[in-house]
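Residue numbers run from 1 in the order of the sequence given. Remember, it's 1-based here, ligands and their atoms both numbered in the order they're listed.
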Amino acid sequence: MAMTHIPIVRPVFPALERFSSRFAAALEFGQVTNQGRWVLEFERELTDFLGVPTLAFCNGQSALMAMLAAAGVRGGEVIVPSFTFPATPAAVVWAGAKPVFAEIRPDTLTLDATSVSEKLIRTAATAVLAVDPYGICADYKALAKLCWTNGAKFLVDSCAAFGSRVEGKFCAIADVQVFSFHATKSFSTMEGGALCSRDPEILERAARIRNFGQERITGEVVEPGINGKMTEVAALVGLAGIQDWRETRAPARQNRALALATALRGIPGLTVVPAPLGQEPLWLYRPVLIDPDKFGTDRDAVYNGLRERGIGARKYYGACHRTPAFRTYPAIHLPNTERIADQVIALPAHESLTDDDIAYIVLAFRDMQRGL
Ligand SMILES: *Cc1c(COP(=O)(O)O)cnc(C)c1O
């Protein structure tokens, strides 16, 4: 019998012929980075798609770092969820600021506005950095309103949510928002990222920080920056792949994530995290929660069982405030975060998931529940 193997991600890239002559020309001409022709073209494409002026970056992490600095965060405190990929609080620390970990909502796994409101009152936080986990968008409206009435910047780590829509829109109501095009994400340029903002000053500053802090016209170094520039080959991969992703791959991913969620219904103790009202998430993974009392075994046993059966599940996300890297930062009373970090399993939701794969995943859960 052939071993089943359902990977957690299956990166898809455009065929080399789609961009090889442009790449060869870039190599020949020698312009392979520093805001070359194809990066500029890709930025226009992204701006058109997102509907908000957008800059390309070499990855999501550098876009996160530039976002914080461009929003004026240099020290101080920033409110973030603990339930995220460690890149989020790491960017806060690299901005010289302290992460103030806030609670998530148990239904959507995104920042809880009530918890954020409390932290805005109790701390001197100058920004809230929300996260869109698994492609689920945070409650933008409530958080933006809270931030702006409290004089804080509203920033969004959408690294996992490029292509997700809230009330039909691909962009948040935020001061700045960033995306990742890493190979594991739904749309990829191998390594890559983007930052968008409707505020021209923030955008200008982010562009400067991306290029060592140098002023665009004069070249004067006006503040410490980083090297966040995207290469031409990454932009070419993005340009060659974005149309197919928009028209075929993203809808196929939506379809597969929905088919998996539907098939997993009705298993006692297993909750499929639903799309929040008014949202069309482009699922990066499909998270499920295992209630050990009702399911019969705990998350770790279920996770091991899935892995033994060749299903590429992940214990993902975790609670950052419990990691050695971030446990020194204040994290008072985050019961939802801790419970969900102990109960969550991220399941594959990519477009190459077949109906047979889905049936196999459902059977694995049912067998484990019966102690098989
Ligand atoms: C992927 C991811 C990042 C990091 O993006 P890179 O492009 O890999 O640097 C940051 N935050 C979240 C929530 C992510 O999912």
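- For ligand 1, the atoms lying closer than 4.0 Å to a non-hydrogen atom of Gly60 are 5 (O), 6 (P), 7 (O), 9 (O).
- Taking the six-membered ring for Trp and thresholds of 30 and 60 degrees, Phe187 and Phe42 have ring planes inclined between 30 and 60 degrees apart.
- Between the side chains of Ser352 and Arg10, at least one donor N or O lies within less than 3.5 Å of an accepting N or O.
- Looking only at distances, no side-chain donor or acceptor of Gln177 sits under 3.5 Å from a matching main-chain atom of Cys196.
- Any N or O atom pair closer than 3.5 Å counts here, and Gln61 shares at least one such pair with ligand 1.
- Other residues, nucleotides and ligands contribute over 12 non-hydrogen atoms within 6.0 Å of the CD atom of Glu215.
- Between the side chain of Ser115 and the backbone N or O of Glu103 there is at least one donor-acceptor pair closer than 3.5 Å.
- Under a 4.0 Å criterion applied to the non-hydrogen atoms of Gly192, ligand 1 contributes the atoms 7 (O).
- Between Leu236 and Arg18, the closest side-chain pair of non-hydrogen atoms is not below 4.5 Å.
- Nearest protein heavy-atom contact of atom 11 (N) of ligand 1 is Asp157 OD2, 2.9 Å.
- Contact check for Leu284 versus Tyr316: no side-chain heavy atoms found under the 4.5 Å cut-off.
- Remark: ligand 1 atoms within the under-4.0 Å shell around heavy atoms of Lys185 are 1 (C), 2 (C), 14 (C), 15 (O).
- Ligand 1 lies out of reach of Pro133, whose nearest heavy atom is not under 4.0 Å from it.
- Counting heavy atoms only, Ser180 comes closest to atom 7 (O) of ligand 1 of the residues Ala160, Ser180, Pro89.
- Shown in contact with Ala87 at under 4.0 Å from a heavy atom are these atoms of ligand 1, numbered in order with element: 10 (C).
- Atom 12 (C) of ligand 1 has its closest protein heavy atom at Cys159 CB, 3.4 Å.
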